[in-house]
Each structure stands twice: as structure tokens, then as C-alpha cells.
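Residue numbering restarts at 1 for every chain, and letters A, B, ... go by the order of the sequence lines.
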Amino acid sequence: DAGVIQSPRHEVTEMGQEVTLRCKPISGHNSLFWYRQTMMRGLELLIYFNNNVPIDDSGMPEDRFSAKMPNASFSTLKIQPSEPRDSAVYFCASSFSGIAEQYFGPGTRLTVT
Amino acid sequence: DQQVKQNSPSLSVQEGRISILNCDYTNSMFDYFLWYKKYPAEGPTFLISISSIKDKNEDGRFTVFLNKSAKHLSLHIVPSQPGDSAVYFCAASVNNDMRFGAGTRLTVKP
């Protein structure tokens, strides 16, 4: 199994631009999570999906952030418009529903200038 | 609101000695606890876990202890090896909702 796949691995963009991060979970997993890692706050849960349905998006910072999961094998996290304070590493993780252990992707390092 | 706290941002130990990483949580509903290890430029990887019905779980050199009354868990690594140098995240979960601590950077010196 290829594990959780994230793209791009690095993204550099200018303030105000739209950014789209992509994730392919492990085949068969039905829960998907988006996290943001910063030096100050560590790993923060942004949103998670169960069977493609958003369950808890209380961690999404503001309306500029949105996430979709159109099918079981693909999810996107979009930031529009992006701001310098959005610079962080964004991780996607997946798991079987009801099993706590999550498998993480390699992350996308986002830099907004 | 940080529901899971790792108050030590870093820890340095000598090879062969014991490493003890600590974690505190505030939500008594958490029923499953995990430790993840993270190397630079990689995603966190699962290391060891413990259910709230237990107070100890051991896997080779790694042991996790849970003190529910104190809402505290710890990870013991013995003996520590240079390859253990990484950032360790504590996590607590209820249903599918997992919260992570800010991480502790462990450095094991040869």
C-alpha cells in the first residue's frame, strides 16, 4: 500500500492567492482528517470526515478555509484568499472508523509570502 | 483550548539511559491515548497506544503509563538509542476525535 498521499509537498504562493491541498487516503479507510502543524500550536485538527461526510469542522480557522471529500479516495483543503499566517505544514491522515490509530501523509509545507 | 498538553518542548538524554516523556490532558471523556513519533520532513507515525481501561502497555523498549485520576500519561523509552531522536506527540481520542499535544523534541546523545 502506498500510504496516505499528499500533493503538493511544497507550495509557495503570494498573499491573496487561492491554495488547494490534495489528499488520497489509504484504500479502505473511511475516516479522513486534516491537521495543521505550527511551532506555536503543534498539531491542530482542522476537520475530519467519516464516510465522506464532514463530521467536525470546528477546528477550521475561518471562512477562508474549506474542505471537501467528493469520494472515498480524494479530499481537498482550500484556502481562499491565503494569508501569511496560514504558512504551516498541513497533514492529511486516514483511519478505519472506530479505530483510533491514524496514518499520516508526508504533509504539504505551505509558505504564503 | 489545549486539551492535551506536553509541557516540555525538548528533552535530551544519553544513549542507553531512560527517556521519559510526559503528557497531561483535561477532557475526562478521552478513552484512548496514543504516542506518535515524527522525523523531519515526514508525517507522524504511530508508536504505541493505551486504552483507558488499562494503566500500562509495553512494546519492546517502549512503555506507556496512564494515570487517569491525574489525567496524565507518560512514555518511557529504555534503553534510549540515537535513532529515537525525533519529535514525540501525545494524542488523546474519543470516538473519532483525536487531539494532539504540541510535541516534545527528544535528542539522544551517543
Side-chain angles (χ1 to χ4, degrees), chain A residues 1-10 21 23-26 29-59 69 88-110, chain B residues 1-10 21-27 29-54 57 59 62 64 66 73 86-106:
Chain A
D1 197 322
V4 175
I5 299 173
Q6 289 187 248
S7 65
R9 291 295 308 274
H10 302 273
L21 311 181
C23 175
K24 176 178 167 51
I26 291 174
H29 283 186
N30 59 351
S31 293
L32 183 140
F33 307 80
W34 282 101
Y35 292 90
R36 177 171 68 176
Q37 183 189 12
T38 61
M39 291 293 292
M40 294 298 294
R41 299 178 66 86
L43 269 171
E44 299 176 89
L45 176 66
L46 299 176
I47 185 171
Y48 79 89
F49 295 83
N50 195 41
N51 294 321
N52 311 339
V53 177
I55 303 300
D56 183 356
D57 66 354
S58 60
M69 192 165 186
V89 181
Y90 291 80
F91 289 102
C92 175
S94 70
S95 72
F96 288 110
S97 177
I99 297 178
E101 180 185 333
Q102 297 177 14
Y103 294 81
F104 282 76
T108 296
R109 180 174 293 278
L110 173 65
Chain B
D1 177 25
Q2 283 284 91
Q3 298 186 48
V4 179
K5 296 180 181 179
Q6 294 176 255
N7 292 319
S8 298
S10 63
L21 297 100
N22 294 303
C23 177
D24 297 293
Y25 61 95
T26 57
N27 188 346
M29 297 298 292
F30 289 135
D31 59 5
Y32 202 74
F33 304 88
L34 308 91
W35 285 93
Y36 281 78
K37 178 178 180 180
K38 184 184 180 303
Y39 292 117
E42 296 182 10
T45 55
F46 170 75
L47 186 59
I48 192 170
S49 63
I50 187 168
S51 164
S52 61
I53 63 173
K54 295 186 175 182
N57 188 27
D59 183 2
F62 302 91
V64 56
L66 176 63
L73 70 155
V87 176
Y88 289 79
F89 289 98
C90 165
S93 171
V94 56
N95 298 325
N96 242 359
D97 189 352
M98 187 178 297
R99 304 289 164 162
F100 284 82
T104 296
R105 181 178 299 278
L106 172 66

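Ranked by heavy-atom pairs under 4.5 Å with chain A, the first of B:P44, B:S93, B:G43, B:A102 is B:P44.
The shortest side-chain heavy-atom distance between A:Y48 and B:M98 does not fall under the 4.5 Å cut-off. Side-chain atoms of B:R99 and A:L45, non-hydrogen and from C-beta on, do get closer than 4.5 Å to each other.
Nearest heavy atom pair, residue A:Q102 against residue B:Y36, reads N-OH, 2.8 Å. Nearest heavy atom pair, residue A:F91 against residue B:K38, reads CZ-CE, 3.4 Å.
Among residues two or more places apart in sequence or in another chain, the ring pair (Phe, Tyr, Trp, His ring centres under 6.0 Å) test is passed with B:Y25 by B:F33.
With a 4.5 angstrom heavy-atom cutoff, B:S49 does not touch chain A via any of its atoms. With a threshold of 4.5 angstrom between heavy atoms, A:R109 does not approach chain B through any atom at all.
Surrounding OH of A:Y103 are at most 12 heavy atoms belonging to other residues, nucleotides or ligands under 6.0 Å away.
Taking the centre of each ring, A:F33 and B:F100 stay at or above the 6.0 Å mark.
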